[in-house]
Protein chains: 2
Amino acid sequence: MNIYDIAKLAGVSIATVSRVVNDSPKVSEKTKEKVRAVMAANDYIPNVFARGMSLNSMKTVGIICPSVSDHYMASAVSYLEKNLRNYGYDCILYCSGYEQEDKEISVQMILQKRIDALLLVGSCYAGDKEYGEDITYIKKASEEIPVFIMNGFISGENIYCMLTDDYQSVYDAASAMLASGRRQILFLSDSYSYSAMHKLQGYEDALKAAGIPVLGERKVYIKNEIHLVRDILLARRDLEFDGVIATDDGLAVGAVKYARAKRLSVPKDISIIGYNNSELSIGCEPELTSIDGRGDLLCKMTIDSLMEVLKGEDVEHRKYVRCRLEKRCTTDF
Amino acid sequence: MNIYDIAKLAGVSIATVSRVVNDSPKVSEKTKEKVRAVMAANDYIPNVFARGMSLNSMKTVGIICPSVSDHYMASAVSYLEKNLRNYGYDCILYCSGYEQEDKEISVQMILQKRIDALLLVGSCYAGDKEYGEDITYIKKASEEIPVFIMNGFISGENIYCMLTDDYQSVYDAASAMLASGRRQILFLSDSYSYSAMHKLQGYEDALKAAGIPVLGERKVYIKNEIHLVRDILLARRDLEFDGVIATDDGLAVGAVKYARAKRLSVPKDISIIGYNNSELSIGCEPELTSIDGRGDLLCKMTIDSLMEVLKGEDVEHRKYVRCRLEKRCTTDF
DNA sequence: TTGAAAGCGCTAACAC
DNA sequence: GTGTTAGCGCTTTCAA
């Protein structure tokens with residue numbers, strides 16, 4: 001069943017059928033009804049390829065994230081997919097991993113699909129030149145289609161960045177922890193991403209503002225595995241700390257496990273703050289105070305901007321979402 | 001840059017360029033080299049639409065899952081996407097939600113994309129007629145393209161089901177719990193899916209085999225939210241139990257929280273087993289014994305079958321993966 | 001081994 | 001408001 005068959009059956013031209021399919025206003029209601037009836041009766045499905053060929057667009061958005069098995073990103077992808085579809089856009093998904101080369105290949109491949117826009121989920125795509133990562137592949141992509149980065153920043157004509165205010169939220173959290181009397185706060189991170197660097201900066205500035213020295217040994221980088229974090233902390237007998245700020249809940253729960261192993265009381269002996277407000281922060285014991293990066297809002301903002309850009313409207317190249325501290329039992333403020 | 005430009009620059013016909021792109025054997029190496037050089041020099045990218053139109057395939061697999069924010073499914077989608085791409089297939093993702101109508105719409109819409117195969121992730125798509133759900137929309141899809149169901153079963157010519165041995169794993173877990181002396185085991189579930197019904201059956205049969213009566217009140221259905229589960233269990237003062245088998249780790253952690261609130265010792269006073277072996281089972285305290293549904297194996301099996309079917313080979317319509325009990329601290333066997 | 005040319009099914013510019 | 005027709009960029013016969 002193609003457009004010619006429908007046209008013949010309905011006694012109109014293919015142009016009219018096409019117009020009906022696209023709900024053009026310059027077809028009479030009567031004709032529309034007639035054609036629609038024929039289409040329905042024959043289970044007619046317009047050929048997306050032919051359509052894409054004429055329009056040179058498939059109403060598809062490409063989404064790349066390092067891994068959708070990370071909960072934060074999974075939620076984001078889920079939300080994005082659902083809402084984009086509401087706007088009539090499909091999603092094609094690539095999980096690129098974290099390696100530079102793989103990220104480049106992913107972008108290159110997804111561009112071949114003639115997507116209408118590219119969505120980069122995760123701050124690992126914002127590896128700024130300062131941090132040694134090459135971002136020309138993203139710049140290049142932006143020459144063809146608009147690029148949206150969630151939680152990362154790259155400046156560019158056709159690049160739109162949706163940001164979480166990581167700096168401020170960690171600054172505030174660390175300040176509150178300091179105000180509650182902690183003096184030796186550990187910064188626990190598993191990444192050098194744009195986002196992680198801003199969190200670090202917030203941590204350092206809060207310490208400085210309180211007149212506390214920033215020690216290199218208190219900045220611990222480690223793989224995000226609960227038991228691994230616990231064991232590493234246990235092994236580092238030189239390390240003294242009465243507070244932990246982690247860039248992810250998994251890391252923070254590792255610290256909780258460490259406290260338990262050392263029979264430290266939480267939050268009395270040690271205060272702990274995680275990040276992302278995930279299920280893990282409710283599952284652990286005591287339950288974890290966590291910074292909520294408001295992924296939902298970030299997604300919403302992204303989709304709104306995306307639609308505006310696709311409509312040809314002018315959109316800010318950088319937008320922010322404020323985080324929120326979800327207070328639970330691992331802090332005493 | 002299209003095929004005509006390349007042809008002109010290379011001094012050959014478009015047919016030859018096309019053959020080179022598709023690595024046809026009937027082009028001389030010499031010509032191939034020449035054409036390839038021109039393509040490379042001009043960053044030539046074949047137009048996927050035109051290509052899809054001729055081939056009537058876009059080398060794309062449609063994946064539908066209820067929600068990719070569920071960790072189990074997210075891992076699956078991640079794995080599937082990565083491996084399908086290795087085989088040269090793209091993925092288009094739909095998150096359908098759990099409602100019958102939404103699932104039907106998702107399938108209908110994704111079929112319009114001319115996908116080469118449909119992958120249904122999650123046992124909620126197997127709602128058997130016995131359980132009241134209509135599956136004709138899946139049967140209908142299978143008339144057009146091969147359909148693969150992960151963790152669900154529907155019989156049909158063009159339907160391939162990859163199954164986890166949920167029945168046996170719960171049967172074994174419940175039997176072990178009974179052997180360790182428990183007599184009042186609670187079955188905690190959040191769904192009536194194909195998979196959940198099989199888990200239930202395993203639970204019931206294990207009890208029966210041990211001569212223990214199956215009580216309706218010991219089968220608790222509840223939304224998968226940790227605090228909610230805890231509170232409901234606390235509220236049900238009539239309910240007595242010394243063991244819990246849950247169809248998901250989230251539910252099981254709710255039971256752990258319940259035990260803590262009641263100052264019950266785990267596993268001494270109450271033994272708990274979760275499902276899916278997620279991060280949550282390591283994050284909670286004490287750490288949760290959990291049944292690992294081997295999602296990775298299931299995915300691998302699915303992709304292997306998919307490729308064989310697409311190649312036109314004969315493939316079994318039902319395949320099983322064995323689960324594994326990951327023993328941690330909430331059980332004493 | 002290569003080229004010419006006929007589609008594939010649709011959109012959109014143009015004509016009526 | 002409707003029809004005619006020229007592409008869109010590719011694959012694939014068919015001839016040479």
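If you're wondering where the values come from, they're calculated on a predicted model, not measured in any experiment. Lettering of chains follows the sequences in order, A, B, ..., and the numbering in each one begins at 1.
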For DNA chain D, determine which residues of residues 30-42 of chain A have any heavy atom closer than 4.0 angstrom to one of its atoms, and list them numerically.
-> A:Thr31

Mind checking what makes side chain to side chain contact (heavy atoms under 4.5 Å, CB included) contact with B:Asn42, not counting sequence neighbours?
-> B:Met1, B:Ile6, B:Leu9, B:Val38

To the nearest 10°, let me know how far the axis at one end of the helix from C:dT1-D:dA16 to C:dC16-D:dG1 is tilted from the axis at the other, five pairs an end.
-> 30°

Can you name the side chain to side chain donor-acceptor pair (under 3.5 Å) partners of B:Ser78, sequence neighbours left out?
-> none

Give me the distances for all protein-to-nucleotides 8-12 of chain D N/O pairs that come in under 3.5 Å?
{"from": "D:dC10", "atom 1": "OP1", "to": "B:Tyr44", "atom 2": "OH", "distance (Å)": "2.6"}
{"from": "D:dC10", "atom 1": "OP1", "to": "B:Asn47", "atom 2": "N", "distance (Å)": "3.1"}
{"from": "D:dC10", "atom 1": "OP2", "to": "B:Ile3", "atom 2": "N", "distance (Å)": "2.4"}
{"from": "D:dC10", "atom 1": "O2", "to": "B:Ser54", "atom 2": "OG", "distance (Å)": "3.1"}
{"from": "D:dC10", "atom 1": "N4", "to": "B:Tyr4", "atom 2": "OH", "distance (Å)": "2.9"}
{"from": "D:dT11", "atom 1": "OP1", "to": "B:Asn22", "atom 2": "ND2", "distance (Å)": "2.9"}
{"from": "D:dT11", "atom 1": "OP1", "to": "B:Arg51", "atom 2": "NE", "distance (Å)": "3.2"}
{"from": "D:dT11", "atom 1": "OP2", "to": "B:Ser18", "atom 2": "OG", "distance (Å)": "2.4"}
{"from": "D:dT11", "atom 1": "O4'", "to": "B:Ser54", "atom 2": "OG", "distance (Å)": "3.1"}

Would you please name every residue forming a side chain to side chain donor-acceptor pair (under 3.5 Å) with B:Asp70, sequence neighbours left out?
-> none

Just how far, in rounded Å, is P of C:dG9 from NZ of A:Lys8?
-> 12 Å

Please list, one pair per line, the donor and acceptor atoms closer than 3.5 Å that link side chains of residues 19-29 of chain B to other protein atoms, with sequence neighbours excluded.
{"from": "B:Asn22", "atom 1": "OD1", "to": "B:Arg51", "atom 2": "NH2", "distance (Å)": "2.8"}
{"from": "B:Asn22", "atom 1": "ND2", "to": "B:Ser18", "atom 2": "O", "distance (Å)": "2.9"}
{"from": "B:Asp23", "atom 1": "OD1", "to": "B:Lys32", "atom 2": "NZ", "distance (Å)": "3.0"}
{"from": "B:Asp23", "atom 1": "OD1", "to": "B:Arg36", "atom 2": "NH2", "distance (Å)": "3.1"}
{"from": "B:Ser24", "atom 1": "OG", "to": "B:Lys26", "atom 2": "N", "distance (Å)": "3.2"}
{"from": "B:Ser28", "atom 1": "OG", "to": "B:Thr31", "atom 2": "N", "distance (Å)": "3.2"}
{"from": "B:Ser28", "atom 1": "OG", "to": "B:Thr31", "atom 2": "OG1", "distance (Å)": "2.5"}

Residues which pass side chain to side chain donor-acceptor pair (under 3.5 Å) with B:Ser96, listed by chain and number, not counting sequence neighbours | B:Tyr125

Name every donor-acceptor pair, under 3.5 Å, that has one atom in a side chain of residues 104-113 of chain B and the other anywhere in the protein, sequence neighbours excluded.
{"from": "B:Glu104", "atom 1": "OE2", "to": "B:Gln100", "atom 2": "NE2", "distance (Å)": "2.9"}
{"from": "B:Ser106", "atom 1": "OG", "to": "B:Asp102", "atom 2": "O", "distance (Å)": "3.1"}
{"from": "B:Lys113", "atom 1": "NZ", "to": "A:Asp90", "atom 2": "OD2", "distance (Å)": "2.9"}

List for me each residue that meets ring pair (Phe, Tyr, Trp, His ring centres under 6.0 Å) alongside A:Phe148, sequence neighbours excluded, and say none if there are none.
-> A:Tyr160

Contacts of A:Ser75 meeting side chain to side chain donor-acceptor pair (under 3.5 Å) (sequence neighbours excluded), chain-then-number -> none

Sequence neighbours left out, what passes salt bridge (Lys or Arg N to Asp or Glu O under 4.0 Å) with A:Asp296? Give chain and number order.
-> A:Arg294

Residues, nucleotides or ligands: over 12 heavy atoms within 6.0 Å of B:Glu99 CD | no

Return the value, rounded to whole Å, for the distance between atom CG of A:Asn56 and atom C1' of C:dC10.
-> 13 Å

